[in-house]
Amino acid sequence: MKNKFMLLAVLALGVGLISGCGSKNENNAASSPSDSASPSASAASPSASPAAQEIKELKISFVPSKDPEQIITATEPLKDLLKNQLATEGYNVDKVSIDVGTTYEAVGEALSAGTTDIGLIPGGTYVLYDDGADVILTATRAGLSNDSEDPALWNKNKPTEPTEQQATYYRGLIIAGPSAKGQELGAKINNGEELTWDDLNSANWAVMSSSSSSGYIYPTLWLQEKYQKGISDLKNVFTSDSYGSSFARLAAGQADVLVVYADGRRDYVEKWNTDFGRTASIWDETNVIGVTDGIYNDTISVSKKSKLMTDEFKKALQDAFMAIAQTEEGKQVIAVYSHEGYQPAQSSDYDAERQAQEFLKSLKQ
């Protein structure tokens, strides 16, 4: 009986070896001609890298939060940085085009229409145009030495300085300038007095377009909370095409008050004395008279209409922008918007912004 089992085991092993050899030889016979005839066969093997995808043109639009020429000059290096980084992600981009929209809304409309592929836009603009745009990244920026809701503390602790801590939100400030009315408003705050609606309504205001978070939306919410009024209720309002224009008006005394992101004055320290012609420091001649709630940071959003925007390419763009932000050259580029880095974002991050927009709509009804 033992010998029978041994004989059966030997026969089974022999059949297995014959079968295995036959299979191996058949596979070799089938593959050998193509392997030797075409070097491309190795590129098709599972271990080879897939061919890079070709993109003829990638269009990027920026909002005019600063002088358009300044933005164009500062972001010129982004073209090659992005092309090189996307190449490591498997995308060969022939051309990167950069433009600055005439207004915040113009960039939102371009994303919705698919005439631009990528927009660097505030949360307020994204929410207004999220039917046609997808948010892929939120900017991070340096936290500031001031973050109080009390405007007098911002004035007591001037100048505002960056900290090492990265923040995903910022505040909007209502700032009074060197005009007689501006100094009057600042003095009241610094003396611990409350401003009245008449105080504010008698001033000339410089604001941004209605989809700007720190330049319109959140200051309106601040006015609503304090006075049950909005920017549209103010008697004297200018709509500026950039924050630079607002600061120029403030310096010239054409505006008594402006609304701006919390570190806005840091961006205009030199221009205050050069381009705007003031002799004293911007910190000495301006005072915070109001502080808004926190505003979730700017976005990098992409067009839903763009044929380029597959899930894979959006992930490649996320990785590319985050990598660029870690390089010295990249840091200089994104500093034009006070960005210091990026992190992945999702639509729900901006739900508070949506609530703010809905509230603004209800005020107009």
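Using a 3.5 Å distance cut-off with no hydrogens or angles, the side chains of T88 and Q85 do pair a donor with an acceptor. Defined by atom type and a distance below 3.5 Å, a donor-acceptor pair is missing between the side-chain atoms of D67 and S242. Checking S179 against D256 by side-chain atom types alone, a donor-acceptor pair falls below 3.5 Å. Under 3.5 Å, the side chains of N297 and T138 contain no donor-acceptor pair of N or O atoms. For S348 and D351, the side-chain atoms include no donor-acceptor pair closer than 3.5 Å. Between the side chains of T140 and Q343, no donor-acceptor pair of N or O atoms lies under 3.5 Å. No hydrogens or angles considered: nothing links the side chains of E105 and T125 as a donor-acceptor pair under 3.5 Å. With hydrogens and angles left out, the side-chain atoms of S145 and E161 include no donor and acceptor closer than 3.5 Å. One side chain, Y169 or D147, offers a donor N or O that lies under 3.5 Å from an acceptor on the other. Side-chain atoms of E285 and W272 include a donor-acceptor pair closer than 3.5 Å.
Residue F238 is found outside any hydrophobic cluster, as its side-chain heavy atoms come under 4.5 Å of no other Ile, Leu, Val, Met, Phe, Trp or Tyr. Members clustered with Y129: L128, by chain and number, using a 4.5 Å side-chain heavy-atom cutoff among hydrophobic residues.
A donor-acceptor contact shorter than 3.5 Å is absent between the side chain of Y268 and the backbone of F247. Judged purely by atom type and a 3.5 angstrom limit, E353 has no side-chain atom pairing as donor or acceptor with the backbone of Y296. Counting only distance, with no hydrogens or angles, the side chain of W205 and the backbone of L200 share a donor-acceptor pair below 3.5 Å. Between the E57 side chain and the V96 main chain, no donor and acceptor come within less than 3.5 Å of each other. Looking at N201, its side chain never comes within 3.5 Å of a backbone N or O of D198 through a donor-acceptor pair. Using modelled atom types, no side-chain atom of D80 and backbone atom of P77 make a donor-acceptor pair closer than 3.5 Å. Between the side chain of T75 and the backbone N or O of L78 there is no donor-acceptor pair closer than 3.5 Å. A distance-only check finds no donor-acceptor pair linking the side chain of S306 to the backbone of S303 [under 3.5 Å]. No donor-acceptor distance shorter than 3.5 angstrom exists from the side chain of T73 to the backbone of Q70, with no hydrogens or angles considered. In this structure a side-chain-to-backbone donor-acceptor pair under 3.5 Å is missing from S214 to G172.
Residue pairs that meet the salt bridge (charged side-chain N to carboxylate O under 4.0 Å, His left out) test with at least one member in residues 114-124, sequence neighbours left out, do not exist here.
Heavy atoms from other residues, nucleotides or ligands lying under 6.0 Å from NZ of K331 number more than 12. The 12-atom threshold is not exceeded at CD of E149, counting heavy atoms of other residues, nucleotides or ligands nearer than 6.0 Å. Around atom CD of Q165, no more than 12 heavy atoms belonging to other residues, nucleotides or ligands sit under 6.0 Å away. No more than 12 heavy atoms of other residues, nucleotides or ligands lie within 6.0 Å of CD in E194, so this atom counts as exposed by the packing criterion.
Atoms CZ and CD, from F313 and Q53 in turn, are 9.0 Å apart once rounded to the nearest 0.5 Å. With values rounded to the nearest 0.5 angstrom, K271 atom NZ is found 8.5 Å from K66 atom NZ. Between the CG atom in L308 and the CG atom in L58 there is a gap of 6.5 Å [rounded to 0.5 Å]. With rounding to the nearest 0.5 angstrom, the CD atom of Q357 is 13.0 Å from the OH atom of Y350. Separation of atoms CD1 (I231) and CE (M208) is listed at 11.5 Å; rounding is to 0.5 Å.
P122 has its side chain within reach of V63: a pair of non-hydrogen atoms, C-beta onward, lies under 4.5 Å apart. Using a 4.5 Å heavy-atom threshold, the side chains of Y337 and I71 count as touching. Within the 4.5 Å cutoff, the side chain of I98 has heavy atoms near those of the K79 side chain. Counting heavy atoms from C-beta on, the side chains of Q346 and V135 never come closer than 4.5 Å. Between I174 and V260 the shortest side-chain heavy-atom distance does not fall below 4.5 Å. Side-chain contact between P64 and D241: absent, with no pair of heavy atoms (C-beta onward) separated by less than 4.5 Å. For the pair N287/N190, a side-chain contact is recorded, criterion being any heavy-atom separation below 4.5 Å from C-beta on. Within the 4.5 Å cutoff, side-chain heavy atoms of L317 are placed close to those of I118.
With sequence neighbours excluded, no residue forms a ring-ring contact (aromatic ring centres under 6.0 Å, His included) with Y170. In this structure, F276 has no ring-ring contact (aromatic ring centres under 6.0 Å, His included) partners at least two apart in sequence or on a different chain. Taking Y261 as the reference, Y243 meet the ring-ring contact (aromatic ring centres under 6.0 Å, His included) condition, with sequence neighbours excluded.
Across all non-hydrogen atoms, the minimal contact from Y91 to A316 is CE1-CB, 3.6 Å. Among all heavy-atom pairs drawn from S211 and I217, the shortest one is O-CD1, 3.7 Å. Counting all heavy atoms, side chain and backbone alike, S301 lies closest to A133 at CB-CB, 4.4 Å. The nearest pair of heavy atoms linking S213 to P219 is O-CD, 3.5 Å. Considering every non-hydrogen atom in both L81 and V333, the closest pair reads CD1-CG2, 4.2 Å. Annotation for D94 and K83: closest pair O-NZ, 3.2 Å, computed over non-hydrogen atoms.
Taking a cutoff of 4.0 Å between a charged side-chain nitrogen and a carboxylate oxygen, K181 and E184 qualify as a salt bridge. A salt bridge does not link K304 to D131: none of the charged nitrogens lies less than 4.0 Å from a carboxylate oxygen. Comment: K315 engages D319 in a salt bridge, judged by a side-chain N to carboxylate O separation of less than 4.0 angstrom. Electrostatic pairing of R354 and D130 counts as a salt bridge here, judged by a charged N lying under 4.0 Å from a carboxylate O.
Checking each of L250, N236, L234, V237 against N204 for a side chain to side chain contact (heavy atoms under 4.5 Å, CB included) leaves exactly one that passes, namely N236. Screening F62, Y104, Y126 for a side chain to side chain contact (heavy atoms under 4.5 Å, CB included) involving I121 leaves a single residue, Y126. When each of S209, S246, S245, S212 is tested with S240 by the rule side chain to side chain donor-acceptor pair (under 3.5 Å), just one qualifies, namely S246.
If you chain together hydrophobic residues whose side chains sit under 4.5 Å apart, I72 and L120 fall into the same group. Transitive grouping of hydrophobic side chains (ILVMFWY, heavy atoms separated by less than 4.5 Å) keeps L153 and W222 in distinct clusters.
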Q: Decide yes or no on side-chain hydrogen bond (donor to acceptor under 3.5 Å, both in side chains) for R266 and T160, but give the supporting numbers first.
A: CA-CA 7 Å; R266 294 184 60 242; T160 302; over 6 Å; no
**Q.** salt bridge (charged side-chain N to carboxylate O under 4.0 Å, His left out) evaluation trace for D298 with R141
**A.** CA-CA 10 Å; D298 295 344; R141 61 176 74 204; 3.8 Å; yes
